[in-house]
Structures are given as C-alpha cells and as structure tokens.
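Along the sequence shown, the residues carry numbers beginning at 1.
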Amino acid sequence: QVQLVESGGGLVQAGDSLTLSCTASRRTFGAYAVGWFRQAPGKDREIVAAISWSDKSTYYADSVKGRSTISRDNAEKTVYLQMNSLKSEDTAVYYCEARIGGYSTTWVTYDYWGQGTQVTVSS
C-alpha cells in the first residue's frame, strides 16, 4: 500500500509559477512511475505529466509542454511538478498517482492516488 499526499496548490494569478509536491509513504517509492493528473469541474481527469521510476523518461501533455517540469527525488520519496506561466485553464484539482512499471497517460491504470490539491488561477 502506498499513500500519496499532494501539496503546494493555492490561488495564484495568471502568469505566476507554482510547484506541486507529491510525497509517498513507502520507502520503495522509487520503484513506481508517477503521473500528475488534473480534473476541472465538469470535465474528465486528464494527464498533465508523468515520470518513469528511473527519472529517465518523462511525458507532458501538449497543454503544459514547455512551461512545466516534472522531477523526482526518490531519497525524499517526492515527485514535483513545476508549472510556469499559469493560465486560467490550468485551474483544477491536481492529483498525484503511482503505479508499478512504466508510466501511463490514463489515470485508471494507476494503483494509488492522493486526495488532490486545488490550483486556482485568476485572470
């Protein structure tokens, strides 16, 4: 069992930057691929970014490519999502999810996820 806790969300203005953190409870978190997903009101949960367990492979959705960076510190059992040049359409609840094996762009294929952290971007 892996418990994930997201943090770092909040209310920001358009153009600001934000770094979200996902901290795991399990020492072997380094064996898990991690994805960041988001869900806006009335919309499906969608992939934002993902990272392999080895930190050697990453994925970014087109909507955040070029202004976001996903990284991980396995010693700290934490995955980060830095988002720059935030837009109003980035407003959503952001979820961190983990799974054994390679990363996936589909949230239901993950084994664990946290409670989410709200990001609100005001224009």
Completion exercise
Taking every heavy atom of A24 against every heavy atom of V2, the minimum-distance pair comes out as CB-CG1, 4.1 Å
Practice task
List the atom of A33, the atom of G101, and the distance in Å for their closest heavy-atom pair.
Solution key: CB-O, 3.2 Å
Practice task
Sort and list the pairs that fulfil side chain to side chain donor-acceptor pair (under 3.5 Å) and have at least one residue in residues 93-103, not counting sequence neighbours.
Solution key: R38-Y94, R45-E97, R99-T109
Exercise for the section: Check the pair W107, Q39 against side-chain contact (heavy atoms from CB on, under 4.5 Å), reporting the backbone distance first and the verdict last. Expected result: CA-CA 11 Å; W107 76 272; Q39 189 165 18; over 6 Å; no
Exercise for the section: Look at atom CD of Q118 and say whether more than 12 heavy atoms of other residues, nucleotides or ligands are closer to it than 6.0 Å. Expected result: yes
Completion exercise
Value for CD1 (I70) from CE (M83), rounded to nearest 0.5 Å, stands at 11.0 Å
Handout entry: Value rounded to 0.5 Å, distance of SG in C96 from CG in L81
Key = 10.0 Å
Handout entry: Distance-only donor-acceptor check, side chains N84 and S17, under 3.5 Å
Key = yes
Practice task
Could you pull out the closest heavy-atom pair between V119 and G9, with the gap in Å?
Solution key: CG2-CA, 4.0 Å
Problem - Basic-acidic side-chain contact under 4.0 Å: D62, K65 - result: yes
Exercise for the section: For side-chain contact (heavy atoms from CB on, under 4.5 Å), just list the numbers for T69 and Y60, CA-CA rounded to whole Å, side-chain angles, deciding distance to a tenth of an Å, and then say yes or no. Expected result: CA-CA 8 Å; T69 302; Y60 296 95; 4.0 Å; yes
Problem - Y110 vs F37 side-chain heavy atoms within contact, under 4.5 Å - result: yes
Exercise for the section: Would you please test F29 and V79 for side-chain contact (heavy atoms from CB on, under 4.5 Å) and show each step? Expected result: CA-CA 10 Å; F29 185 54; V79 173; 3.7 Å; yes
Practice task
Take Y80 and D73, measure what side-chain contact (heavy atoms from CB on, under 4.5 Å) needs, and give me the verdict at the end.
Solution key: CA-CA 8 Å; Y80 304 96; D73 184 337; 4.3 Å; yes
Handout entry: Electrostatic pair K87-D16, nearest N-O below 4.0 angstrom
Key = no
Problem - Closest contact, heavy atoms only, T78 versus S21 - result: CG2-CB, 4.2 Å
Problem - Expected output: side-chain S104 to main-chain T106 donor-acceptor under 3.5 Å - result: yes
Handout entry: Distance in Å, S85 OG paired with R67 CZ, rounded so as to fall on 0.5 Å steps
Key = 7.0 Å
Exercise for the section: State, without any angle test, whether T91 and E89 hold a side-chain donor-acceptor pair at a distance under 3.5 Å. Expected result: no
